[in-house]
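I have placed the structure first, in the form of structure tokens, so that the comments after it can refer back to it.
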There are 2 protein chains.
Amino acid sequence: MTTQRPALSKAEMEIARIVWDLQKATVREVLDALPEGRDIDYKTVQTFLRRLEAKGYLSSKRNGRSLVYTAKVRPNQVIHETVKDFVGRLFDGEALPLVEHLIREQGLESQDIDQLRTMLNDLEGQQSAVK
Amino acid sequence: MTTQRPALSKAEMEIARIVWDLQKATVREVLDALPEGRDIDYKTVQTFLRRLEAKGYLSSKRNGRSLVYTAKVRPNQVIHETVKDFVGRLFDGEALPLVEHLIREQGLESQDIDQLRTMLNDLEGQQSAVK
DNA sequence: CTTTAAGACTTACGACTGTATGCCATAAAA
DNA sequence: TTTTATGGCATACAGTCGTAAGTCTTAAAG
């Protein structure tokens, strides 16, 4: 099922991730949670949160004079869709080449590799059970 | 070294990938190489190629009355940068979580898993040699 | 030769993005 | 109670994106 919310832009994604992280947050809380050096105005954050709600990703609820935003779509779902779109556009929809790229070109440490191997073992167990 | 070409948009990436694939191509050749059902005008393709050149990703050379476009930046480099940016924005710059996500949530087949395992083995050999 | 088709080069145009300002209400501070 | 800070809601505004139409030139077709 290809749910059709309008896609998130980069900056919108940045803000959404902060809300997900805080679970619920006001404009000010998001503003305060921005990383050092990311200097944007209160009003700008406000705009992004409003747009995120308009696009269907967040919902808001009044608390006193402030709006408290929370996720409306599960973060994992959004991540999933976003990754899928990315893989589609850059790797013809094939996950494997991207995984290979990540493993060999973006820094994976030995311990990461061990962890991956473990995951692969588990996964294969499950798969053969299903097959 | 953070090379600063302006980032590629989705549609630009789509066109760039076709040029990379063909190695060199005119507007018409790119147009013809578009997948079934991707209906955009000759002029639109022309615009994208021009923008890609303006952004420094392609260069063009006249051949008769046509322009032939070729990669100016190595495709792998662009892919690398794009993936890096993506990982940065969605996974705080950590490749491992994305790899995990890909392995367990986007369809990897058993044979893919075997292949991955092999790759991991090879890679670990290299790494411990360096460490 | 005149007409047509294919290209390049220039310009357009509405939607979306990133970033904010303006105005109004109200709670807190003085 | 007057001033100030904090918040919401509406509006702005230049830049980029996706998509293309207009104009000029030239090679090919008649």
Side-chain angles (χ1 to χ4, degrees), chain A residues 4-19 22 24-35 37-70 78 82 85-86 88-90, chain B residues 4-19 22 24-35 37-70 78 82 85-86 88-90:
Chain A
Q4 258 348 359
R5 285 170 297 287
L8 289 184
S9 72
K10 294 189 180 200
E12 283 165 354
M13 179 64 81
E14 181 194 14
I15 300 298
R17 291 193 65 218
I18 292 177
V19 176
L22 300 176
K24 62 198 179 82
T26 62
V27 176
R28 184 146 307 271
E29 285 163 353
V30 171
L31 183 65
D32 291 344
L34 283 169
R38 182 66 167 106
D39 261 17
I40 55 180
D41 196 274
Y42 180 94
K43 301 301 187 97
T44 304
V45 174
Q46 198 175 35
T47 299
F48 281 131
L49 288 171
R50 208 174 345 93
R51 286 183 186 168
L52 282 167
E53 181 166 24
K55 287 191 176 183
Y57 287 92
L58 300 182
S59 53
S60 67
K61 193 184 56 162
R62 254 220 146 72
N63 179 336
R65 15 190 243 125
S66 310
L67 292 177
V68 179
Y69 289 88
T70 53
V78 179
T82 306
D85 174 72
F86 184 77
R89 288 185 296 99
L90 236 79
Chain B
Q4 258 351 356
R5 285 171 295 288
L8 290 183
S9 72
K10 295 188 179 200
E12 284 166 354
M13 179 65 82
E14 180 192 16
I15 299 298
R17 291 192 65 217
I18 292 177
V19 175
L22 300 176
K24 60 197 178 82
T26 63
V27 176
R28 185 147 306 273
E29 286 163 352
V30 170
L31 183 64
D32 292 344
L34 283 170
R38 181 67 168 106
D39 261 17
I40 55 180
D41 196 274
Y42 181 94
K43 302 300 188 89
T44 304
V45 174
Q46 199 175 33
T47 298
F48 281 131
L49 289 170
R50 207 173 346 91
R51 287 183 186 168
L52 282 166
E53 181 166 24
K55 288 191 174 181
Y57 288 92
L58 300 182
S59 52
S60 67
K61 194 184 56 166
R62 253 217 147 73
N63 179 336
R65 16 191 242 126
S66 309
L67 292 176
V68 179
Y69 289 88
T70 53
V78 179
T82 306
D85 174 72
F86 184 77
R89 286 186 297 98
L90 235 79

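In what follows, chains carry the letters A, B, and so on, assigned in the order in which the sequence lines appear, proteins first and then strands, with residues in each chain numbered from 1. The basis for the numbers below is simple: all heavy atoms, side chains too, and nothing from hydrogens, waters or symmetry mates. Since this is a predicted model, take the numbers as computed values, not measurements.
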ask   = Does A:K43 get its side chain close enough to the base of D:dG7, under 3.5 Å, for a donor-acceptor pair?
value =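 Not at all, since no donor on one side and acceptor on the other fall under 3.5 Å apart.
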message = Between D:dT19 and B:R50, counting only base atoms on the nucleotide and side-chain atoms on the residue, is there a donor-acceptor pair under 3.5 Å?
response =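 No, no donor-acceptor pair under 3.5 Å.
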message = One thing to verify: whether B:K55 and B:E12 come together as a salt bridge, which I'm taking to mean a side-chain N less than 4.0 angstrom from a carboxylate O.
response =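 Yes, charged N to carboxylate O under 4.0 Å.
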Sidechain N-carboxylate O distance under 4.0 Å for B:R28, B:D32 =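 No salt bridge links B:R28 with B:D32.
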Ignoring backbone atoms, test whether [X] places a side-chain nitrogen or oxygen under 4.0 Å from the OP1 or OP2 oxygen of [N].
{"X": "A:T44", "N": "C:dA20", "answer": "yes"}
{"X": "A:R38", "N": "C:dT19", "answer": "yes"}
{"X": "B:R28", "N": "C:dA8", "answer": "no"}
{"X": "B:S9", "N": "D:dG18", "answer": "yes"}
{"X": "A:K55", "N": "C:dT17", "answer": "yes"}
{"X": "B:Q46", "N": "D:dA20", "answer": "no"}

Whole angstrom value for the distance that separates [atom2] of [N] from [atom1] of [X]:
{"X": "A:M13", "N": "C:dG18", "atom1": "CE", "atom2": "P", "result": "11 Å"}
{"X": "B:E53", "N": "C:dC9", "atom1": "CD", "atom2": "C1'", "result": "13 Å"}
{"X": "A:K10", "N": "C:dG18", "atom1": "NZ", "atom2": "C1'", "result": "12 Å"}
{"X": "A:Y42", "N": "D:dC9", "atom1": "OH", "atom2": "P", "result": "10 Å"}
{"X": "B:D41", "N": "C:dA12", "atom1": "CG", "atom2": "P", "result": "18 Å"}
{"X": "A:L8", "N": "C:dG18", "atom1": "CG", "atom2": "P", "result": "10 Å"}
{"X": "A:I15", "N": "C:dT19", "atom1": "CD1", "atom2": "C1'", "result": "12 Å"}
{"X": "B:E12", "N": "D:dT19", "atom1": "CD", "atom2": "P", "result": "11 Å"}

message = If you compare all heavy atoms of A:V45 against all heavy atoms of A:V30, which two are closest, and at what distance to 0.1 Å?
response =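 Heavy atoms only, the tightest pair is CG1-CG1, 3.7 Å.
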inquiry  = Is there a side-chain contact between B:D85 and A:K10 in this structure, where contact means two heavy atoms from C-beta onward sitting under 4.5 Å apart?
reply    =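 Yes, at least one pair of side-chain atoms sits under 4.5 Å.
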key: Side-chain heavy atoms of A:I15 within contact of A:L52, under 4.5 Å   =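 Heavy-atom side-chain distance check passes, below 4.5 Å.
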From C-beta outward on [X], which listed nucleotide comes closest to its side chain: [options]?
{"X": "A:V27", "options": "C:dT17, D:dT6, D:dG8", "result": "D:dG8"}
{"X": "A:F48", "options": "D:dT6, D:dG18, C:dG18", "result": "C:dG18"}
{"X": "A:R65", "options": "D:dG7, D:dG8, C:dA12", "result": "D:dG7"}
{"X": "A:R62", "options": "D:dA20, D:dG8, C:dA20", "result": "D:dG8"}

task = Identify whether any heavy atom of A:T26 sits under 4.0 Å from a base atom; if not, whether one sits that close to sugar-phosphate; answer base, sugar-phosphate or nothing.
result =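 Contact class for A:T26: none.
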query = Distance-only, no hydrogens or angles: does the A:E29 side chain make a donor-acceptor pair with backbone N or O of A:T26 under 3.5 Å?
reply =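 Here the side-chain-to-backbone pair exists.
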